[in-house]
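Working notes for the structure below.
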Amino acid sequence: MSSPLDDLNASLAAAVTALAGGQPVSAQLQLERPKQPEHGDFATNAALAVAKGLGIQPREFAEQLTEELGRQLGPTLVSAEVAGPGFVNLVLADEWYGGAVDAVIEAGDQWGGAVAYPPLQINIEFVSANPTGPVHVGGTRNAVYGDALARLFSFVGHKVHREYYVNDAGSQIRALGVSVQARARGEEPPEDGYQGEYIIALAADIPGAGDLPADEVARLAVELMVAEAERSLARLRVVFDDWFHETTLHAGSPSPVAKALTILDSDGRTYISDEALWLRTTEFDDDKDRVLERSSGEHTYFASDIAYHQDKLDRGFDLMIDVWGADHHGYIKRMHAAISALGHDPACLELLIMQLVHLVDSGERAQMSKRAGDFVTLDELIEDIGVDAARWFLLERSHETTIELDLKLAREESAENPVYYVQYAHARIASLLARGVAEAGPDVSTDEPLHASERALVRKLLEFPGEVADAAERRSPHRIASYALSTAQAFSAFYRDCPVLDVGPAQRDFRLRLCAASGQVLARSLDLLGVSAPQSMTRD
RNA sequence: GCGCCCGUAGCUCAGUGGAUAGAGCGCCCGCCUCCGGAGCGGGAGGCCGCAGGUUCGAAUCCUGCCGGGCGCGCCA
């Protein structure tokens with residue numbers, strides 16, 4: 001699929017190459033959308049980037065470039081002017097804009113998407129909250145982020161596998177079993193157990209929990225918690241391909257963990273000290289070596305994790321992405337070291353860190369103490385502000401920044417939310433298109449030049465493939481939210497300035513097509529965020 | 001002390017080398033004979049944390065400070 005912008009870029013590159021005497025030009029040429037309308041439809045810094053290497057004044061090169069572009073583009077180019085230190089500002093003909101809208105509509109659902117060569121098999125592991133309690137707000141941010149990333153990767157042509165790592169082994173699980181058992185007997189959980197209200201409900205849901213062995217109670221409790229997490233996440237429109245249980249890493253003989261340790265051992269990456277087994281992660285830039293097997297004989301979480309990632313590699317994934325909470329950032333170096341120690345390129349594992357969500361209610365920090373059990377859960381958040389607003393609020397900011405989510409604001413002013421603004425634009429387009437089909441316009445042929453709002457909207461739609469590629473490349477789905485909002489704004493400006501239905505047939509046809517293209521791009525943008533794109537919106 | 005993230009409008013945040021730094025919310029002033037007013041137009045509000053450096057050009061890249069968050073276990 002070739003986009004009009006690609007073609008324009010190709011013409012620019014050809015012009016620059018021609019002027020450089022046929023030599024390949026290494027500098028990066030950029031076609032930009034100027035902020036100032038008087039700077040044309042598109043601007044390029046090509047002269048600034050290239051002239052110095054050729055020993056020419058930028059403005060002089062820019063002058064030559066305008067002439068060469070005129071030859072390359074013919075009547076498509078209305079004007080090309082040199083400005084400032086050597087920018088070239090381009091204005092393109094209405095016909096080019098018409099062709100651009102056609103290209104968007106022709107590409108249809110695939111506009112903005114790509115076919116990756118080769119497509120990567122990507123395993124994206126996210127949420128992976130411990131099954132000892134409900135998924136809370138931090139996990140919810142992690143969920144919508146991982147899911148949006150998966151949607152992006154898939155749209156640009158990769159094969160994506162969504163995976164949830166169920167940490168169903170270890171001391172915390174034992175604590176869960178003991179806590180549920182205690183509640184079943186009408187007793188208080190131990191000091192270091194789980195105190196939340198949900199433990200009481202859990203105990204009630206497990207017949208005979210008071211009499212069964214703690215390990216068995218724990219196993220049943222984990223099953224219930226995982227099922228609940230799966231239900232909650234599905235409500236959020238997050239569905240996993242696989243729920244990988246840590247216990248499977250310890251099962252069998254030899255177990256996956258044992259096999260991983262054998263690999264490390266045979267390569268001389270481990271040693272014994274103080275009766276514990278250590279991995280020489282310092283050989284790979286870690287701050288200190290790390291324990292794999294404690295002096296008690298138990299494996300560390302780290303050992304399980306190494307075996308888990310070896311398992312992912314064995315399953316044939318080209319790229320592994322783990323989405324972790326901010327408190328795990330100190331774990332990154334040792335994990336990369338482990339991948340290296342296993343004999344793989346550490347670049348095949350990407351560890352993305354989500355910063356925190358601070359819940360604010362009426363301007364005050366909401367309580368999120370997990371121990372007290374009164375933290376806000378995924379389910380509560382959805383009840384409060386709805387799935388679309390929840391996803392939007394958690395996705396509209398970079399995952400690298402802490403965000404504040406004011407519940408009161410999200411509740412009371414939901415009608416003023418950006419997400420509704422974007423959805424509203426989509427619904428309005430659907431309404432226009434429906435009427436456009438049903439009604440016949442007056443039979444007056446017009447040949448009006450395009451309005452500035454029309455041209456701006458078309459340029460906005462043309463940016464979509466670049467935005468998608470950027471968002472995927474930088475693992476930044478929040479860029480799609482920004483794009484969707486500004487596109488909805490561009491559409492609203494067009495809607496304000498340009499009557500669609502009550503104009504001559506030629507203009508009406510073009511504007512309906514522009515509406516269709518806009519609706520298509522907005523729908524796709526919202527879909528990449530997992531937010532619905534309604535055909536109509538009804539006010540309460 | 002070390003590591004990661006952050007510091008941009010009153011608030012929440014976009015903007016990883018381009019021209020006069022943006023959006024949402026809040027505030028002020030206007031706009032419903034009009035394809036959906038969940039809307040639109042205008043306005044006030046900025047030493048882009050500080051100081052150097054790199055270059056035609058820096059919010060953006062480099063160095064050093066200052067401030068905030070989160071981590072630094074034979075826990076998970």
Side-chain angles (χ1 to χ4, degrees), chain A residues 28 30 32 34-36 38-39 43-45 48-49 51-52 57-59 83-87 89 130 132 167 169-173 175 246 273-278 287-288 290-302 304-305 325-333 353-356 358 360 363 393 396-406 409 413-425 427-436 439 470 474 476 478-479 481-483 485-486 489 492-493 495-503 508 511 515 536-540:
Chain A
Q28 206 171 8
Q30 287 173 3
E32 298 171 342
K35 291 169 195 160
Q36 312 300 323
E38 60 270 27
H39 290 157
T44 177
N45 66 344
L48 289 162
K52 195 179 181 187
Q57 290 297 318
R59 282 193 65 101
F87 293 102
N89 299 330
N130 288 334
T132 52
N167 186 212
S171 57
Q172 51 166 358
I173 298 300
E246 182 191 354
S273 173
D274 295 334
E275 295 177 13
L277 181 68
W278 298 72
D287 305 323
K288 52 173 288 195
R290 307 291 173 176
V291 173
L292 294 167
E293 200 176 285
R294 298 197 277 268
S295 50
S296 66
E298 286 185 305
H299 294 125
T300 58
Y301 182 85
F302 184 43
S304 298
D305 241 3
D327 55 342
H328 279 62
H329 75 262
Y331 208 72
I332 293 175
K333 269 190 183 174
I353 297 301
M354 300 289 313
Q355 293 301 321
L356 303 180
H358 289 152
V360 174
F393 269 107
E396 70 172 342
R397 306 302 186 198
S398 163
H399 66 284
E400 290 180 332
T401 191
T402 54
I403 54 174
E404 280 196 14
L405 202 162
D406 192 325
L409 201 69
E413 304 193 340
S414 61
E416 316 264 321
N417 270 335
V419 63
Y420 294 109
Y421 180 87
V422 177
Q423 289 182 319
Y424 183 69
R428 181 182 259 168
I429 289 169
S431 167
L432 274 174
L433 292 175
R435 297 191 53 171
E439 299 170 11
D470 247 23
R474 298 180 187 182
S476 300
H478 75 278
R479 287 176 154 265
S482 293
Y483 173 79
L485 186 58
S486 61
Q489 285 168 335
S492 295
Y495 177 83
R496 177 194 69 227
D497 296 332
C498 306
V500 175
L501 301 175
D502 196 21
V503 292
R508 188 171 186 274
R511 287 179 176 173
C515 285
S536 70
M537 297 185 74
T538 50
R539 200 180 287 179
D540 294 335

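All chains are named by letter (A, B, ...) in the order of the sequence lines, taking the proteins before the strands, and each is independently numbered beginning at 1.
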Between [M] and [N], how far apart are the [atom1] atoms? Round to whole Å, please.
{"N": "B:G57", "M": "B:G18", "atom1": "P", "value": "14 Å"}
{"N": "B:C48", "M": "B:G17", "atom1": "C1'", "value": "16 Å"}
{"N": "B:G15", "M": "B:G7", "atom1": "P", "value": "10 Å"}
{"N": "B:C50", "M": "B:G73", "atom1": "C1'", "value": "37 Å"}
{"N": "B:U12", "M": "B:A19", "atom1": "P", "value": "27 Å"}
{"N": "B:C61", "M": "B:G1", "atom1": "C1'", "value": "28 Å"}
{"N": "B:G24", "M": "B:A58", "atom1": "P", "value": "29 Å"}
{"N": "B:G68", "M": "B:U8", "atom1": "C1'", "value": "16 Å"}

Any residue meeting side-chain contact (heavy atoms from CB on, under 4.5 Å) with [X], in chain and number order, not counting sequence neighbours:
{"X": "A:S536", "value": "none"}
{"X": "A:Q36", "value": "A:E38, A:H39"}
{"X": "A:A175", "value": "A:Y194"}

Got a sec, which residues hit side-chain hydrogen bond (donor to acceptor under 3.5 Å, both in side chains) with A:N167, two or more places apart in sequence or on another chain?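 A:N167: side-chain hydrogen bond (donor to acceptor under 3.5 Å, both in side chains) contacts with A:Q172, A:E246.
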| said: Checking A:S431 now: which residues fulfil side-chain hydrogen bond (donor to acceptor under 3.5 Å, both in side chains) with it, not counting sequence neighbours? | reply: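 Applying side-chain hydrogen bond (donor to acceptor under 3.5 Å, both in side chains) to A:S431 gives none.
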Which is true for [X] with a 4.0 Å heavy-atom rule: it touches a base, it touches only sugar-phosphate, or it touches nothing?
{"X": "A:P418", "result": "sugar-phosphate"}
{"X": "A:C515", "result": "nothing"}
{"X": "A:A51", "result": "nothing"}

Return the value, rounded to whole Å, for the distance between atom [atom1] of [X] and atom [atom2] of [N].
{"X": "A:D502", "N": "B:U33", "atom1": "CG", "atom2": "P", "result": "18 Å"}
{"X": "A:R435", "N": "B:C34", "atom1": "CZ", "atom2": "P", "result": "12 Å"}
{"X": "A:Q423", "N": "B:G39", "atom1": "CD", "atom2": "C1'", "result": "16 Å"}
{"X": "A:R428", "N": "B:C34", "atom1": "CZ", "atom2": "C1'", "result": "12 Å"}

TODO: Quick one: list whatever passes salt bridge (charged side-chain N to carboxylate O under 4.0 Å, His left out) with A:R474, sequence neighbours left out.
DONE: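 By the salt bridge (charged side-chain N to carboxylate O under 4.0 Å, His left out) rule, A:R474 matches A:D470.
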**Item:** salt bridge (charged side-chain N to carboxylate O under 4.0 Å, His left out) against A:E400, all qualifying residues, sequence neighbours excluded
**Value:**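 Salt bridge (charged side-chain N to carboxylate O under 4.0 Å, His left out) check on A:E400 returns nothing, list empty.
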Would you call B:C29 syn or anti, using the 90° rule around 0?
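It is anti.
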Taking it one step at a time, do A:I403 and A:F393 satisfy side-chain contact (heavy atoms from CB on, under 4.5 Å)?
CA-CA 9 Å; A:I403 54 174; A:F393 269 107; over 6 Å; no
Exercise. Using modelled atom types only, decide if a donor and an acceptor are shared between the side chain of A:T300 and the backbone of A:V291 within a distance under 3.5 Å.
Key: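 Yes.
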_Please check this pair: side chain of A:R508 against backbone of A:P499, looking for a donor-acceptor N/O pair closer than 3.5 Å._
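No, the answer is negative, given that no donor and acceptor are paired below the 3.5 Å cut-off.
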Which pair of non-hydrogen atoms, one from [X] and one from [Y], has the smallest distance, and what is that distance?
{"X": "A:D287", "Y": "A:K333", "result": "OD1-NZ, 3.7 Å"}
{"X": "A:G436", "Y": "A:L501", "result": "CA-CD2, 3.6 Å"}
{"X": "A:P85", "Y": "A:L48", "result": "O-CD2, 3.7 Å"}
{"X": "A:A326", "Y": "A:I353", "result": "CA-CG2, 3.5 Å"}

Kindly compute the distance separating CG (A:L292) from OG (A:S304), expressed to the nearest 0.5 Å.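 Spacing of CG (A:L292) from OG (A:S304) equals 10.0 Å.
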Heavy-atom contacts, protein to nucleotides 9-19 of chain B, under 4.0 Å, summarised as B (base), S (sugar-phosphate only) or - (none) per nt, yield ---BSSSB-BB
With sugar-phosphate taken as primed atoms, P, OP1 and OP2 and all else as base, the protein-contact string of nucleotides 70-76 of chain B at under 4.0 Å (heavy atoms; B, S, -) is BS-SBSB
Dump the pairs, protein N or O against N or O of nucleotides 29-32 of chain B, anything under 3.5 Å, distances to one decimal.
none

* Does atom CD of A:E275 have more than 12 heavy-atom neighbours, drawn from other residues, nucleotides or ligands, at distances under 6.0 Å? ->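 Count not over threshold, so no.
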Next on the checklist: Between A:E396 and A:H478, is the side-chain contact (heavy atoms from CB on, under 4.5 Å) condition met? List the steps.
Outcome noted: CA-CA 5 Å; A:E396 70 172 342; A:H478 75 278; 5.6 Å; no
Using nucleotides 40-45 of chain B, report all nitrogen or oxygen pairs with the protein that are shorter than 3.5 Å.
unit_1, atom_1, unit_2, atom_2, d
B:C40, OP1, A:Y421, OH, 2.6
B:C40, O3', A:R496, NH1, 2.8
B:G41, OP1, A:R496, NH1, 2.8

Please tell me which of A:I332 and A:P499 maps to the more 5' nucleotide of RNA chain B, matching each residue to the nucleotide holding its nearest heavy atom.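 Residue closer to the 5' terminus by nearest nucleotide: A:I332.
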| Range-with-range stems for RNA chain B, at least three Watson-Crick or G-U pairs under 3.5 Å |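 If one scans RNA chain B for consecutive Watson-Crick or G-U pairs, the stems found are B:1-7 with B:66-72, B:10-13 with B:22-25, B:27-31 with B:39-43, B:49-53 with B:61-65.
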